Amino acid sequence: MGFESFYKRFDVDERVANVAGFNPYYMEIDSGLNEKIWMNGRQIINLASNNYLGLATDERVKEAIISAVEKYGASLCGTPISTGYVDLYKRLEYSLSNFVRLEDTIILPSCYQGNNGLFVSIAKKEDLIIVDRFAHSSLIQGIKAVGCKIRPFLHNNLEHLEGILKRSQDYKQIFVVTESVFSTDGDISPFKEIIDLCEKYNALPIIDDSHGIGVLGNTGKGILEEENIINFKGIYTASLGKALANSGGMISGKKEIINYLKYYCPHLVYSTSLTPSILAGIEAVLKIVSSEFESLKNKLYSNKQILFASLMEAGFETTECIAPINSIKTQSKENTFKTAKSFFEKGILSTPFIEPSVPVNQGCIRLIAGANLTQSTIEEACEIIKSVRKT
Amino acid sequence: MNLEERIITTLKNNMERLQEINIESKLKEDLALDSFDILMVISALEDEFSITINEEDFSEVVTVGDIVDRMRAVNKKDKDKR
């Protein structure tokens with residue numbers, strides 16, 4: 001008996017990559033995330049990573065990581081509930097809680113894992129989860145795992161959300177789930193208004209601030225600071241691998257719920273703790289953010305504006321947004337890959353999105369110019385943008 | 001509004017982008033709806049017609065006309081019950 005038909009399931013559709021003559025995924029990078037990265041023997045401007053503040057290769061962060069390795073070694077070889085709960089871990093829970101101004105926090109191996117584990121831990125089949133149509137895959141997968149009624153609402157559409165809330169009062173508990181910054185085109189949710197609706201209809205708000213933490217707000221504390229939300233009663237999740245330049249995820253909120261998750265969230269309880277090096281790296285980044293955020297933010301937003309102006313000048317159709325993201329509308333899968341290929345050939349690494357990451361025929365290319373990019377590299381990037389448009 | 005018009009209006013009210021919809025429109029190919037959009041449509045139809053829809057009943061739906069057929073069948077069942 002063979003397994004031919006079973007293995008047939010795993011055929012990867014590479015037609016678009018073949019048509020474009022370019023596969024933008026799993027490309028090998030031979031260096032760290034400096035402003036230019038080494039790929040296949042040449043230097044490329046990195047506009048693809050989520051290294052918003054440019055701290056992934058900061059010397060102070062590296063030093064903190066090396067010190068942690070010297071003190072704790074490579075791994076904690078245990079879950080946080082057992083040998084993974086070192087003083088560094090506990091201190092970081094406290095620092096992160098303080099940073100986002102919430103009562104308590106758990107730290108997971110990734111935000112994807114956090115979002116996957118959250119809903120199965122807190123929601124029941126008789127509940128309703130209302131979620132923004134464009135929410136991240138980690139939220140959708142986490143929500144689907146509950147097996148309760150799911151109602152998507154039109155992207156950032158408060159009227160549509162309120163209509164659903166009005167008509168959905170027979171559920172035991174209602175959750176409203178959204179993101180702060182939607183990562184493919186950089187638009188920001190009207191979260192304060194969503195909280196108001198949640199209070200009006202007795203629903204619990206849940207926000208994923210992965211692209212907001214370390215980016216939004218006057219001091220980088222994310223969406224809650226940006227929208228001046230005080231005494232947030234909902235649940236907050238975020239990635240520690242974007243502006244905070246390490247890896248992992250966090251879930252924060254009221255003490256009662258976080259304490260419950262510490263014992264009943266399987267994705268936390270049964271996962272080996274983040275390594276000491278990562279915990280120390282995050283701690284170091286938080287220190288830098290607390291003292292240097294203003295200048296980092298100015299650089300980040302200045303870089304974004306300069307690139308935006310050159311995209312406009314070159315005639316690209318882009319999304320206007322507040323977040324430090326430039327998103328070029330490329331529509332079809334083929335055009336998205338072809339445009340990404342042109343950028344790459346001329347010296348820019350970008351992030352192309354095609355379905356199912358975005359709706360069908362709404363492909364886009366995201367450019368994030370981190371705060372570590374110098375003036376001369378930004379100018380070089382602008383010239384490349386203009387030359388790509390001409391080809 | 002007749003049944004077809006009510007369904008088309010419900011669809012239009014639950015789509016990110018305005019587009020022409022008629023009875024022959026294919027949900028995936030013409031309207032670019034994915035499984036999450038269809039979930040949103042099912043919930044909206046439940047509200048519009050005050051019924052509960054089994055998501056599996058929608059697994060074979062291809063066109064707007066298929067939705068009309070499904071809703072007609074649901075209405076008939078409801079009437080027969082009464």
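Keep in mind the model is a prediction, meaning the values are calculated, not measured. Below, chain A is the first sequence line, B the second, and so on; all start at residue 1.
At most 12 non-hydrogen atoms from other residues, nucleotides or ligands lie less than 6.0 angstrom from CD1 of A:Ile322. A 6.0 Å sphere centred on NZ of A:Lys124 holds no more than 12 heavy atoms belonging to other residues, nucleotides or ligands. Around OH of A:Tyr26, the count of heavy atoms belonging to other residues, nucleotides or ligands within 6.0 Å does not exceed 12. For A:Asp170, the CG atom counts as loosely surrounded, since its 6.0 Å shell holds 12 or fewer non-hydrogen atoms of other residues, nucleotides or ligands. Within 6.0 Å of the OH atom in A:Tyr7, the count of heavy atoms belonging to other residues, nucleotides or ligands does not exceed 12. In this structure, A:Glu320 places its CD atom where only 12 or fewer heavy-atom neighbours from other residues, nucleotides or ligands lie under 6.0 Å away. Annotation: A:Glu159, atom CD; neighbour count of heavy atoms from other residues, nucleotides and ligands within 6.0 Å does not exceed 12. Heavy atoms of other residues, nucleotides or ligands lying less than 6.0 angstrom from NZ of A:Lys172 number 12 at most.
Each of B:Met40, B:Met15, B:Lys28, B:Glu46 has some count of heavy-atom pairs under 4.5 Å with chain A, and the biggest count is that of B:Met40. Ranking B:Leu33, B:Asp34, B:Ile42 against chain A, the residue ahead of the rest is B:Asp34, based on heavy-atom pairs under 4.5 Å. Taking chain B as the reference chain and counting heavy-atom pairs below 4.5 Å, the highest number among A:Lys149, A:Glu355, A:Gln362, A:Arg133 is found for A:Arg133.
The main-chain N or O of A:Leu154 is never found under 3.5 Å from a side-chain atom of B:Glu16 such that the two would form a donor-acceptor pair.
Defined by atom type and a distance below 3.5 Å, a donor-acceptor pair is missing between the side-chain atoms of B:Asn13 and A:His160.
Interface residues of residues 53-62 of chain B toward chain A, defined by a heavy-atom distance below 4.5 Å: none.
Residue contact with chain B, scored on non-hydrogen atoms closer than 4.5 Å, is absent for A:Ile164. The part of A:Phe153 that comes within reach of chain B is its backbone (N, CA, C, O), which places non-hydrogen atoms under 4.5 angstrom from that chain. Both the backbone and the side chain of A:Pro152 have a heavy atom closer than 4.5 Å to some heavy atom of chain B.
Checked for salt-bridge contact, A:Lys166 and B:Asp47 miss the test: no charged N lies under 4.0 Å from a carboxylate O.
Summarising the geometry of A:Asp132 relative to B:Phe36, their closest heavy-atom pair is O-CE2, 4.2 Å, with the distance given to 0.1 Å.
A distance of 10.0 Å separates OG of B:Ser50 from CZ of A:Arg167, quoted to the nearest 0.5 Å.
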